[in-house]
Amino acid sequence: QVQLVESGGGLVQPGGSLRLSCTTSGFTFSSSTMSWYRQAPGKERERVGYITWTGADSAYIDSVKGRFTISRDNAKNTVFLQMSSLKPDDTAVYYCNAKGWESGIGYYDEWGQGTQVTVSS
């Protein structure tokens, strides 16, 4: 089955950096579109950004542009979220998401269980 596991969250000072990782299994990772979402307490879940299955295209919400970078390593079935210049309002649970289609599975839209990022002094 499709599985995603996030890691790398923690407590960081404002202005600091953190890199999240999402390791995957159960599907052809190189054919998937990978996204990072986040959800703060009392807030709706929002998509932070995504990267296409080729890695040739990516996009981000305005609030993180220039600070966050999504990358993927297809050889390791892993997607990363590099975060810098972190702000307190970046505090949230961050989720990894995989979307795609392949023979034997069909269309899939799967989530990891999330990793907590807390930005605070």
Side-chain angles (χ1 to χ4, degrees):
Q1 62 178 349
V2 176
Q3 291 186 302
L4 289 73
V5 180
E6 302 95 337
S7 63
L11 176 65
V12 64
Q13 299 271 18
S17 298
L18 206 61
R19 189 179 78 159
L20 307 183
S21 298
C22 174
T23 59
T24 70
S25 62
F27 65 104
T28 304
F29 177 80
S30 60
S31 297
S32 67
T33 295
M34 301 297 301
S35 299
W36 285 97
Y37 289 73
R38 66 184 182 186
Q39 186 167 27
K43 303 290 186 179
E44 296 183 345
R45 186 175 297 187
E46 64 178 349
R47 188 165 74 170
V48 174
Y50 70 87
I51 187 166
T52 59
W53 56 285
T54 65
D57 192 24
S58 61
Y60 307 88
I61 57 174
D62 288 342
S63 60
V64 307
K65 286 181 179 177
R67 301 190 298 116
F68 289 13
T69 301
I70 298 172
S71 61
R72 65 191 297 161
D73 187 339
N74 288 346
K76 297 180 179 179
N77 296 338
T78 301
V79 64
F80 304 95
L81 179 64
Q82 178 67 52
M83 304 181 291
S84 62
S85 301
L86 284 162
K87 305 173 181 179
D89 58 5
D90 293 320
T91 296
V93 177
Y94 284 72
Y95 298 90
C96 183
N97 171 264
K99 291 185 175 70
W101 184 95
E102 66 180 82
S103 180
I105 299 177
Y107 178 76
Y108 56 88
D109 183 355
E110 301 291 338
W111 299 84
Q113 65 181 19
T115 185
Q116 176 72 47
V117 173
T118 302
V119 185
S120 176
S121 299

Measure across [X] and [Y] and return the closest heavy-atom pair with its distance rounded to 0.1 Å.
{"X": "Tyr95", "Y": "Gln113", "value": "CE2-O, 3.4 Å"}
{"X": "Arg38", "Y": "Tyr94", "value": "NH1-OH, 3.0 Å"}
{"X": "Thr91", "Y": "Val119", "value": "OG1-N, 2.9 Å"}
{"X": "Tyr107", "Y": "Gly100", "value": "CD1-O, 3.1 Å"}
{"X": "Val117", "Y": "Gly9", "value": "CG2-CA, 4.2 Å"}
{"X": "Val93", "Y": "Gln116", "value": "CG2-OE1, 3.2 Å"}

Between [X] (side chain) and [Y] (backbone), is there a donor-acceptor pair under 3.5 Å?
{"X": "Arg72", "Y": "Thr52", "value": "yes"}
{"X": "Glu6", "Y": "Cys96", "value": "yes"}
{"X": "Ser30", "Y": "Asn74", "value": "no"}
{"X": "Tyr60", "Y": "Ile70", "value": "yes"}
{"X": "Thr24", "Y": "Asn77", "value": "yes"}
{"X": "Glu102", "Y": "Ser31", "value": "no"}
{"X": "Asn97", "Y": "Glu110", "value": "yes"}
{"X": "Ser85", "Y": "Gly15", "value": "no"}

Kindly compute the distance separating [atom1] ([X]) from [atom2] ([Y]), expressed to the nearest 0.5 Å.
{"X": "Ser84", "Y": "Leu18", "atom1": "OG", "atom2": "CG", "value": "11.0 Å"}
{"X": "Trp101", "Y": "Thr33", "atom1": "CH2", "atom2": "OG1", "value": "14.5 Å"}
{"X": "Gln13", "Y": "Leu86", "atom1": "CD", "atom2": "CG", "value": "11.0 Å"}
{"X": "Trp36", "Y": "Leu81", "atom1": "CH2", "atom2": "CG", "value": "6.0 Å"}
{"X": "Glu44", "Y": "Gln39", "atom1": "CD", "atom2": "CD", "value": "8.5 Å"}

Within 6.0 angstrom of Lys99 NZ, more than 12 heavy atoms from elsewhere
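Atom NZ in Lys99 is crowded, with more than 12 foreign heavy atoms closer than 6.0 Å.
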Can we say Lys87 and Asp90 salt-bridge, meaning some charged N sits less than 4.0 Å from an Asp/Glu carboxylate O?
no
Does one hydrophobic cluster hold both [X] and [Y], with members joined at side-chain heavy-atom distances below 4.5 Å?
{"X": "Val2", "Y": "Ile51", "result": "yes"}
{"X": "Met34", "Y": "Ile105", "result": "yes"}
{"X": "Phe80", "Y": "Val5", "result": "no"}
{"X": "Phe68", "Y": "Val12", "result": "yes"}
{"X": "Tyr37", "Y": "Val79", "result": "no"}

